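Worksheet for the structure shown next.
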There are 2 protein chains.
Amino acid sequence: MPSDAIRAALIKRLRISSAIADEDIAEIEALPISVRHFPAEQPVVRDGERATNCCLIADGFCARSKTIANGKRQILSIHIPGEIPDLMSLFLHVMDHDLATLTPSTLGFISHETLQRLHRRRPVVAEMFWRDTLIDSAMFREWIVNVGQRPAPARLAHVMIELRERLRIIGRLDGNNFEMPLTQEQIGEALGITAVHANRVIKQLRQEGIVDLHRGRVTVLDERKFLELADFDNRYLHQSPTL
Amino acid sequence: MPSDAIRAALIKRLRISSAIADEDIAEIEALPISVRHFPAEQPVVRDGERATNCCLIADGFCARSKTIANGKRQILSIHIPGEIPDLMSLFLHVMDHDLATLTPSTLGFISHETLQRLHRRRPVVAEMFWRDTLIDSAMFREWIVNVGQRPAPARLAHVMIELRERLRIIGRLDGNNFEMPLTQEQIGEALGITAVHANRVIKQLRQEGIVDLHRGRVTVLDERKFLELADFDNRYLHQSPTL
DNA sequence: TCGCAGTTCCAACAAAAGTTAAGGACGGTG
DNA sequence: CACCGTCCTTAACTTTTGTTGGAACTGCGA
């Protein structure tokens, strides 16, 4: 994958959430990025590590998670191309969670130093990245609500619709069909339920003709029921740069 | 409360998490702040509102929350003096959650404009505030883990210890006794359980001689058991400015 | 002082989710 | 093609949590 295409995904996404000037785009296009390929299920940065780079997803799916003392794991977020899941490491140098690939991925690494220099040169870019980390934070808030208050079927539907909404932005939807490459074990970890229960829930939604999940692909069967179940309000994604 | 004392709490807290120069402190001390008093259980900013100020807690406890379609409420975080719970509104202008007082509170409002100007003048201060929002985000991640993976008694213990840790920083601990002014209803909303179950859990921890909660005051009965139950690792609070 | 409203507390029952265990489907590989 | 490992699927049973409804306690104001 050419380095240009990698930057394109980032810029496309940033344009959605922030107003951005052409000079600033030029600056981002000039950033030195070192590209590496990762197989599926591979750690990128680990909890406790000291990060010196940020990682831009050029291709593939990644997830952030934390593992507690009893060995249970909680998935915190799912990430798609164009996102920088560990932007926070710029100021929180010691990682407080894991970042790992879900599928084989192409990642672009940008050194903290490079980003710091860019920020000093272009405060507007810094503000844009700051806003990006704030949207990340808003997504965590919604994730708390999902895990804390919604019944399991609604949790699943909500995560699916959030992912669909974000895939739409980067043009990765085909009809009522989109990728969600998690095993049922991982879905359980994302929703705060066991894999067995995740299976029950998936089966139920399939039988009720709401949505089907098969081999990492989501197929919406009844859009109305799906939306109603998920109780989804996209405001928390803060996609409008003017607001 | 004199305006100086208000700023002091903020500066004390910022010094813990960031290295900060004396000139920058002078700038913060010079910020125009307008002070208002709020009764208990009063909304400060509401979900959907457009914010033009950030709010510094000078005295009292506040909480952030989201309410979903079925009326259930999830508490996202508890805030104490010296914190700026809605700093995120600087770049996410339309609120995606509520901020309200828990107890009667004294709040200092700083306009977004003032903060923006300060950031342009002193990029280092901007970075410090950015870091502050990132720590906020880290706390949300841990809250997700708490609600998603820990059994109810451990959830309660974890929230208690997080609060204690933060109260310690601002010098608000008296021995093994500290304030946590939430009703059992609110504790339920924070932990993602019902008030009835919250009551069961509190009772259980009391009977097991681990911790007692009475009228908004926490008394630790057995520190060892308490720590073990909570599974608390303070790394996510990022209290060391050098890391 | 009384009564009111908001808590706290509790019991009985119902529902949701966890645990354990095991069979079946599927993709990859020798 | 047969084998292997991973994931999916299901059933039976246990535990945790939710629901409903009501009693006791507490602080506050009429």
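Computed from a predicted structure; not experimentally measured. FYI, side chains are in, hydrogens and waters are out, and symmetry mates aren't considered; it's all heavy atoms of this structure. Convention: sequence-line order gives letters A, B, ...; per-chain numbering from 1.
Look at B/Glu142 and B/Arg150 and you find a salt bridge, because one of the NZ, NE, NH1 or NH2 atoms lies within 4.0 Å of a carboxylate O, short of that distance. A salt bridge is defined here as a Lys NZ or Arg NE, NH1 or NH2 lying under 4.0 Å from an Asp or Glu carboxylate O, and B/Glu228 with B/Lys225 fails to meet this definition. B/Arg73 and B/Glu185 are not joined by a salt bridge, as no carboxylate oxygen comes within less than 4.0 angstrom of a charged side-chain nitrogen.
Note on A/Thr194: a base of the nucleic acid sits closer than 4.0 angstrom, heavy atoms only. Looking at heavy-atom distances under 4.0 Å, A/Gly192 makes contact with sugar-phosphate atoms alone, never a base. In this structure, B/Ala152 reaches the sugar-phosphate backbone alone: every heavy-atom distance under 4.0 Å involves primed, P, OP1 or OP2 atoms, never a base.
The nucleotide whose nearest atom lies closest to any side-chain atom of B/Lys72 is, among C/dT8, D/dT19, C/dG18, D/dT19.
Between C/dC9 and B/Asn199, a contact under 4.0 Å exists linking OP1 or OP2 to a side-chain N or O. Taking side-chain N and O atoms only, B/Arg150 has no distance below 4.0 Å to OP1 or OP2 of D/dT16. Distances shorter than 4.0 Å separate none of the side-chain N or O atoms of B/Arg215 from OP1 or OP2 on C/dT8. Within the structure, a side-chain polar atom (N or O) of B/Lys203 is placed less than 4.0 Å from OP1 or OP2 of C/dC10.
A straight line from CD of A/Gln204 to P of D/dT10 spans 13 Å, rounded to a whole angstrom. In this entry the distance linking NE2 of A/His197 with C1' of D/dA11 reads 15 Å, nearest Å. In this entry the distance linking CD1 of B/Ile193 with P of D/dT16 reads 13 Å, nearest Å.
A/Arg13 contributes no side-chain N or O that, together with a main-chain N or O of A/Ile169, makes up a donor-acceptor pair within less than 3.5 Å.
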